[in-house]
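Here the structure is laid out as structure tokens; the discussion comes afterwards.
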Amino acid sequence: MPELPEVETIRAYIDEKVSGRRIDDIRVCLPRLIKNSSAGDMKKTLIGRTITACSRRGKYLLLHTDGPYSLLIHLRMTGSLIYDAGGGEEIRAQRIVFLLDTGKLIYRDIRTLGCLWLVPSAGLTHIKGYDTLGPDGNSPEFTTAYVYPRLKGTHRRIKSFLLDQTQVAGLGNIYVDEALFRAGIRPSRRCNHISRVTAGRLCDAVHAVLAEGLAHGGTTIRNFVGGSGREGNNQDYLRVYGREGQPCLVCGTEIRYVKQAGRGTHYCPHCQT
DNA sequence: TAACACCTGTAA
DNA sequence: TTACAGGTGTTA
């Protein structure tokens, strides 16, 4: 469940549930998900510490503690965080479980592609993907003035640019397709062929699709997420993603599906040029 | 920039 | 059986 609106929805929920909770024990069912330390080191470092907050940048979550190290998490394709107050039904695919002074924080992940890192609570994390993130796509720094010169400087296809987290953080396959539809841009367009005016439309579209996703609590498809509190309903508002073969909501032309950069890509051949 | 790798589950 | 899935890092 991993683009910015979904991760932010989880962040708000986890922040509310676990801030102020102390980590009493950790059950590491799948140690290879911890990328820069052993299960033993993680336990030694985090047990006894109190979680102070949960923050987010791009698609990364950071569980802050009152100790020298905090926990950085990337959910990749199928990761999720669930707070279990106890008494609920059994949760499948539990990979790492933090036993708290009240309840449990469960890292669940079907495909086990997610990553966890122990990082310094202050300063750089030295995790490359995190330290090099561009501005969040819904942040005030993501403006036409920021993005237009970057588009001018590259011959890449626009979809691949928008998926590049060092350029703009938080977009994934769904919201990129949605933003390009709203901006009227083909996913295959070369960045340096996009005018300043069109770049402005794109910037507005990125802000709009992320804001809408957030307002709807994220997009929930394929029932990947179970448990409490995190199913969004933005899937009911998507305009192109997953609508291949159906009529464009603006002009009625059939929405097309192609592979681009290895990703399923949806667009309207009439509205997007 | 494309292919593949990392994984498991589901649908065609 | 095969293709595909909300991601990203490495390799040809």
Side-chain angles (χ1 to χ4, degrees), chain A residues 1-11 29-36 56-61 72-81 91-96 107-117 125-134 137 154-181 187-192 206 209-210 212-214 216-226 230-245 257-266:
Chain A
M1 355 182 315
E3 301 178 48
L4 189 153
E6 294 75 44
V7 179
E8 175 60 22
T9 301
I10 293 175
R11 184 210 62 75
C29 312
L30 196 53
R32 67 174 166 76
L33 300 189
I34 305 166
K35 300 301 172 180
N36 67 344
R56 179 197 58 76
R57 268 186 67 198
K59 303 171 194 171
Y60 289 83
L61 288 168
L72 183 65
I73 302 172
H74 196 299
L75 306 171
R76 287 290 204 272
M77 295 288 268
T78 55
S80 61
L81 284 174
I91 294 159
R92 292 185 315 162
Q94 299 188 30
R95 307 305 184 189
I96 307 204
Y107 177 73
R108 171 177 189 255
D109 193 344
I110 299 284
R111 289 174 67 182
T112 71
L113 297 172
C115 306
L116 295 87
W117 301 266
T125 64
H126 302 290
I127 304 303
K128 196 170 71 171
Y130 186 78
D131 289 338
T132 60
L133 284 173
T154 180
H155 183 66
R156 298 170 82 171
R157 296 179 195 275
I158 184 63
K159 175 157 180 173
S160 126
F161 177 91
L162 293 174
L163 287 171
D164 182 344
Q165 304 296 301
T166 69
Q167 301 296 336
V168 50
L171 295 172
N173 208 33
I174 295 179
Y175 294 96
V176 164
D177 281 6
E178 292 295 314
L180 289 172
F181 173 75
S188 56
R189 274 274 283 284
R190 302 289 176 178
C191 293
N192 55 353
V206 166
V209 297
L210 292 175
E212 205 167 292
L214 279 165
H216 295 139
T219 302
T220 305
I221 50 179
R222 284 183 286 279
N223 295 336
F224 270 152
V225 227
R230 277 139 296 106
E231 293 84 8
N233 61 325
N234 197 55
Q235 61 279 10
D236 299 337
Y237 299 87
L238 299 177
R239 301 191 190 175
V240 278
Y241 186 89
R243 296 195 65 250
E244 58 269 31
Y257 176 87
V258 296
K259 279 272 177 187
Q260 197 191 298
R263 313 300 303 276
T265 298
H266 315 73

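In what follows, chains carry the letters A, B, and so on, assigned in the order in which the sequence lines appear, proteins first and then strands, with residues in each chain numbered from 1.
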query = What integer number of Å spans the P atoms of dC7(B) and dT11(C)?
reply =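 Pairwise P distance, dC7(B) against dT11(C), rounds to 16 Å.
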request  = Please tell me which of the listed nucleotides, dA5(C), dT10(C), dG9(C), lies nearest to the side chain of Arg111(A)?
outcome  =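 Among the listed nucleotides, the one closest to the side chain of Arg111(A) is dA5(C).
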key: Nearest-nucleotide pick for Met77(A), side chain only, options being dT8(C), dT8(B), dA5(C)   =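 Of all the options, the side chain of Met77(A) is nearest to dA5(C).
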message = How close do Lys59(A) and Leu171(A) get, counting heavy atoms only, and between which atoms?
response =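 Answer, listing the atom of Lys59(A) first, then Leu171(A): NZ-O, 2.8 Å.
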Give [X] one of three labels, base, sugar-phosphate or nothing, depending on what nucleic acid heavy atoms sit under 4.0 Å from its own.
X: Arg263(A); result: base
X: Arg32(A); result: sugar-phosphate
X: Gly264(A); result: sugar-phosphate

ask   = Hey, what's the ring geometry for Tyr237(A) with His216(A), parallel, tilted or perpendicular (30° and 60° as the breaks)?
value =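 Tyr237(A) and His216(A): parallel rings.
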Under-4.0 Å side-chain N/O to phosphate OP1/OP2 contact, [X] with [N]:
X: His74(A); N: dG7(C); value: no
X: Tyr60(A); N: dT8(C); value: no
X: Gln165(A); N: dT8(C); value: yes
X: Lys35(A); N: dC6(B); value: no
X: Arg92(A); N: dT8(B); value: no
X: Lys128(A); N: dT10(C); value: yes
X: Lys59(A); N: dG7(C); value: yes

[X] has an atom [atom1]; how far is it from atom [atom2] of [N], in whole Å?
X: Phe161(A); N: dT1(B); atom1: CZ; atom2: P; value: 13 Å
X: Lys259(A); N: dA3(B); atom1: NZ; atom2: C1'; value: 12 Å
X: Ile158(A); N: dT1(B); atom1: CD1; atom2: P; value: 12 Å
X: Tyr130(A); N: dG9(C); atom1: OH; atom2: C1'; value: 19 Å
X: Arg108(A); N: dT8(B); atom1: CZ; atom2: P; value: 14 Å
X: Asp109(A); N: dT8(B); atom1: CG; atom2: P; value: 10 Å
X: Ile174(A); N: dG7(C); atom1: CD1; atom2: P; value: 7 Å
X: Leu163(A); N: dG7(C); atom1: CG; atom2: C1'; value: 9 Å

inquiry  = Strictly by Watson-Crick or wobble contacts shorter than 3.5 Å, is anything paired with dC4(B), and which nucleotide is it?
reply    =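 For dC4(B), the partner nucleotide comes out as dG9(C), under the 3.5 Å rule.
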request  = For Thr112(A) and for Ala261(A), locate the closest nucleotide of DNA chain B by heavy-atom distance; then report the residue assigned to the nucleotide nearer the 5' terminus.
outcome  =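 That would be Ala261(A).
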Close side-chain approach of [X] and [Y], heavy atoms under 4.5 Å:
X: Tyr175(A); Y: Val206(A); answer: no
X: Arg95(A); Y: Thr112(A); answer: yes
X: Ile221(A); Y: Ile174(A); answer: yes
X: Glu6(A); Y: Thr220(A); answer: no

